[in-house]
J.: 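Here it is, the structure, as structure tokens.
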Amino acid sequence: MTQEHTDILIIGAGPAGAVAAGLLRQQGRQVLILEREQFPRFSIGESLLPQSMEYIEAAGMLRAVVEAGFQYKNGAAFTCGDRHTEFDFRDKFSQGWGTTYQVQRARFDEVLANEAARMGAEVRYRHEVLAVDVAGERPSVQVRDADGRTYGVTANFLLDASGFGRVLPRLLGLEYPSGFPTRGAIFTHVQDKVPAGAGFDRQKILVTVHPEHCDVWYWTIPFSDGRCSQGVVARTEFLAQYTGSDTERLQALVSEAPGLRALYANAVWDTPARSITGYSANVKSLWGKNYALLGNAGEFLDPVFSSGVTIAFKSASLAAACLKRQAAGEIIDWESDYARPLKAGVDTFRVFVESWYAGGFQKVIFHENASPEIRRMISSILAGYAWDTGNPYVAESKRRLAVLEELCSA
């Protein structure tokens with residue numbers, strides 16, 4: 001078996017891997033990306049948050065993303081029965097981007113991976129990591145290429161950006177349950193046929209709460225080509241009540257939400273739906289000897305606030321900064337310099353996710369007499385600024401949100 005060596009080895013060419021590669025190439029580092037799939041390939045997580053734009057820009061990939069023609073996004077709309085509210089992410093507490101895009105991930109991920117390659121990273125598609133050894137002086141992996149040949153790669157440092165593939169957690173036994181109930185999602189892309197001027201704001205993700213079950217919700221993500229990503233999220237036992245194909249199950253669930261039923265009155269359901277269950281995950285550690293876990297490979301909360309790609313980019317940014325300091329001769333404590341800062345924002349999102357499913361945060365966002373200043377603070381978190389400790393709802397998220405829920409329930 002042939003052996004190769006590289007400076008930085010990245011598993012996965014998705015958003016975390018591509019942005020990490022871009023940032024590392026700016027440092028002059030040698031980067032090899034091994035990607036199991038052939039791009040473009042389907043993925044969910046299509047509604048970006050404005051905070052993401054900061055990392056795309058820092059990685060030198062902003063122009064390519066802007067020129068790709070994705071759907072402009074400036075906020076989020078929430079609906080439950082006859083209640084409706086909107087957040088404009090440009091009207092927020094935190095400094096930074098207030099707009100972003102809603103993207104078909106097949107194209108978006110390919111744009112980022114192509115940019116990483118343009119910047120000098122080597123990207124190998126259909127190369128699957130079969131085994132990993134982190135006990136030696138340098139991490140090493142065994143790889144199978146598209147033709148079935150195996151070879152080995154050693155690296156000075158290994159970044160796992162494999163997303164839901166979770167390569168290192170799987171191979172090194174790092175996984176443990178997330179603590180969230182087991183939920184599933186059923187989703188597809190629909191030709192929505194909503195005429196212009198029909199009151200459907202294509203510049204916002206629409207989150208619809210089931211009229212009878214506050215822990216069942218739907219995402220509607222408009223794209224720039226007259227199509228939408230449509231999905232529903234619920235506990236697996238709730239979804240199990242619906243029979244037939246995934247498309248039939250999704251259509252039945254959509255028909256239970258009056259607003260969506262009306263929205264899709266003329267829709268063409270031309271793409272078979274898919275489903276995923278038990279996606280929330282956690283790990284014992286986000287790093288080890290000469291390796292770190294990025295994005296979903298380390299931890300995935302829930303799709304409700306579209307935080308996945310933002311967390312992926314944040315992890316790439318933190319890891320690249322640590323590797324830059326390490327290369328300059330600094331001693332890096334990966335727990336305090338990488339894991340803790342990353343987890344701080346993830347934990348902020350976690351508070352709001354837990355409150356959403358319990359129904360408390362829904363009372364907050366639909367409250368009719370909300371303070372404009374508090375709405376701006378909430379808007380910042382929904383826009384992805386979960387690391388801005390100047391925001392009281394980040395600095396003390398659990399306590400402040402609990403007080404707010406109480407006030408809104410009174």
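Heavy-atom basis, side chains included; hydrogens, waters and symmetry copies ignored.
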J.: Within 45° of the axis and under 6.0 Å from the centre of the six-membered ring of Phe93, does NZ or CZ of Arg376 qualify?
T.: no
J.: Is the backbone of Gly226 close enough, under 3.5 Å, to the side chain of Gln71 for a donor and an acceptor to pair up by distance?
T.: no
J.: Kindly state whether the ring of Phe78 and the ring of Phe361 have centres lying under 6.0 angstrom apart.
T.: no
J.: Could you please spell out the steps behind the salt bridge (charged side-chain N to carboxylate O under 4.0 Å, His left out) verdict for Glu128 and Arg144?
T.: CA-CA 5 Å; Glu128 182 178 8; Arg144 181 171 56 217; 3.2 Å; yes
J.: How long is the span from the CG atom in Leu171 to the CG atom in Asp133, to the nearest 0.5 Å?
T.: 11.0 Å
J.: Can you check whether Trp356's main-chain N or O pairs, donor with acceptor, with Gln362's side chain at less than 3.5 Å?
T.: yes
J.: Treating Ser409 as the side-chain partner and Glu405 as the backbone partner, does any N or O pair qualify as donor plus acceptor under 3.5 Å?
T.: yes
J.: With a 3.5 Å cut-off and no angle check, do the side chains of Asp246 and Ser275 form a donor-acceptor pair?
T.: yes
J.: For Asp333 and Tyr338, does a side-chain donor sit closer than 3.5 Å to a side-chain acceptor?
T.: no
J.: Heavy-atom distance under 4.5 Å between the side chains of Val232 and Leu250, does that happen here?
T.: yes
J.: Taking Ala58's backbone N and O only, do any of them form a donor-acceptor pair with Gln26's side chain (distance below 3.5 Å, no angle check)?
T.: yes
J.: Using modelled atom types and a 3.5 Å cut-off, is there a donor and acceptor pairing between side-chain atoms of Lys204 and backbone atoms of Ile221?
T.: no
J.: Walk me through whether Leu9 and Leu34 qualify under side chain to side chain contact (heavy atoms under 4.5 Å, CB included).
T.: CA-CA 8 Å; Leu9 175 62; Leu34 301 175; 3.7 Å; yes
J.: Using every non-hydrogen atom in the two residues, find where Ser47 and Gln102 come nearest and quote the distance to one decimal.
T.: OG-OE1, 3.0 Å
J.: As a quick check of understanding, evaluate side-chain hydrogen bond (donor to acceptor under 3.5 Å, both in side chains) for Trp217 and Thr208, giving each step before the final call.
T.: CA-CA 6 Å; Trp217 65 276; Thr208 303; over 6 Å; no
J.: Looking only at side chains, do Arg166 and Asn296 share a donor and an acceptor under 3.5 Å apart?
T.: no
J.: Specify the closest pair of heavy atoms between Trp387 and Val346, including all atoms of both residues, with the distance to one decimal.
T.: CZ2-N, 4.2 Å
J.: Between the side chains of Ser52 and Thr100, does any donor sit under 3.5 Å from an acceptor?
T.: no
J.: Report yes if the side chains of Arg227 and Gln191 come closer than 4.5 Å at any heavy-atom pair, otherwise no.
T.: yes
J.: Would you find a donor on one side and an acceptor on the other, under 3.5 Å apart, between the side chain of Arg25 and the backbone of Met119?
T.: yes
J.: Less than 4.0 Å between a side-chain N and a carboxylate O, is that true for Arg107 and Glu110?
T.: no
J.: Step through it carefully: locate the ring centre of Trp269, locate the ring centre of Phe187, and say whether they are under 6.0 Å apart.
T.: no
J.: If you measure only the distance, is there a donor-acceptor pair under 3.5 Å linking the side chains of Trp97 and Gln51?
T.: no
J.: Distance only, no hydrogens: is a donor on one side chain within 3.5 Å (strictly under) of an acceptor on the other, for Arg375 and Thr85?
T.: yes
J.: So, for Ala68 and Val111, which heavy atoms are closest and what is the spacing to 0.1 Å?
T.: CB-CG2, 4.2 Å
J.: Is it the case that the side chain of Asp88 and the backbone of Gly75 share a donor-acceptor pair, with hydrogens and angles ignored and the cut-off at 3.5 Å?
T.: no
J.: Examine distances only and state if a side-chain atom of Ser162 and a backbone atom of Gly165 form a donor-acceptor pair shorter than 3.5 Å.
T.: no
J.: Of all the heavy-atom pairs spanning Gly17 and Ala161, show the shortest one and how long it is.
T.: N-CB, 3.4 Å
J.: Does Glu368 CD have over 12 foreign heavy atoms under 6.0 Å away?
T.: no
J.: Verify, without hydrogens or angle tests, whether Ser245 (side chain) and Glu248 (backbone) share a donor-acceptor contact under 3.5 angstrom.
T.: yes
J.: Is any side-chain heavy atom of Arg90 closer than 4.5 Å to a side-chain heavy atom of Asn74?
T.: yes
J.: Decide, yes or no, whether a salt bridge links Arg63 with Glu67 under the criterion of side-chain N to carboxylate O below 4.0 Å.
T.: yes
J.: Are any of the side-chain nitrogens in Arg124 or Glu4 under 4.0 Å away from the carboxylate oxygens of its partner?
T.: yes
J.: Return yes if a side-chain donor-acceptor contact under 3.5 Å exists between Ser94 and Ser380, otherwise no.
T.: yes
J.: On a heavy-atom basis, which atom in Thr236 and which in Gly184 lie closest, and how many Å separate them?
T.: CG2-N, 4.0 Å
J.: For this output row, return yes or no: ring centroids of His127 and Tyr151 closer than 6.0 angstrom.
T.: yes
J.: Would you say Ile378 and Phe352 make side-chain contact, with heavy atoms under 4.5 Å?
T.: yes
J.: Around atom CD of Glu406, are there more than 12 heavy atoms of other residues, nucleotides or ligands at under 6.0 Å?
T.: no
J.: Step by step, would you call Phe223 with Ser229 a side chain to side chain contact (heavy atoms under 4.5 Å, CB included)?
T.: CA-CA 8 Å; Phe223 296 133; Ser229 171; 3.7 Å; yes
J.: Is the distance between the ring centroids of Phe238 and Tyr242 under 6.0 Å?
T.: yes
J.: With the threshold set at 4.0 Å, does a side-chain nitrogen-carboxylate oxygen contact exist between Asp109 and Arg105?
T.: yes
J.: Do other residues, nucleotides or ligands put more than 12 heavy atoms under 6.0 Å from the CD atom of Gln95?
T.: no
J.: Can you tell if the side chain of Gln104 reaches within under 4.5 Å of the side chain of Phe70, non-hydrogen atoms only?
T.: yes
J.: Can you check whether Phe305 and Phe349 have ring centres sitting under 6.0 Å from each other?
T.: no
J.: Classify the ring geometry of Tyr125 against Phe39: parallel below 30°, tilted from 30° to 60°, perpendicular beyond 60°.
T.: tilted
J.: Classify the ring geometry between Tyr218 and His210 as parallel (under 30°), tilted (30 to 60°) or perpendicular (over 60°).
T.: parallel
J.: Should the heavy atoms of other residues, nucleotides or ligands under 6.0 Å from CZ of Arg202 be counted, would the total exceed 12?
T.: yes
J.: Nearest 0.5 Å, please: how far is CD1 in Ile44 from NE2 in His189?
T.: 9.0 Å
J.: State, to 0.1 Å, how close Ala320 and Leu23 come at their nearest heavy-atom pair, and which atoms those are.
T.: CB-CB, 3.7 Å
J.: Could you go step by step and tell me if Val216 and Val209 meet the side chain to side chain contact (heavy atoms under 4.5 Å, CB included) rule?
T.: CA-CA 6 Å; Val216 178; Val209 182; over 6 Å; no
J.: With a 3.5 Å distance limit and no angle check, can you tell me whether Gln30 reaches the backbone of Asp7 through a side-chain donor-acceptor pair?
T.: yes
J.: Hydrogens and angles aside, do Thr79 and His84 bring a side-chain donor and acceptor to less than 3.5 Å of each other?
T.: yes
J.: Strictly by modelled atom types, are Gln230 and Tyr264 linked by a side-chain donor-acceptor pair under 3.5 Å?
T.: yes
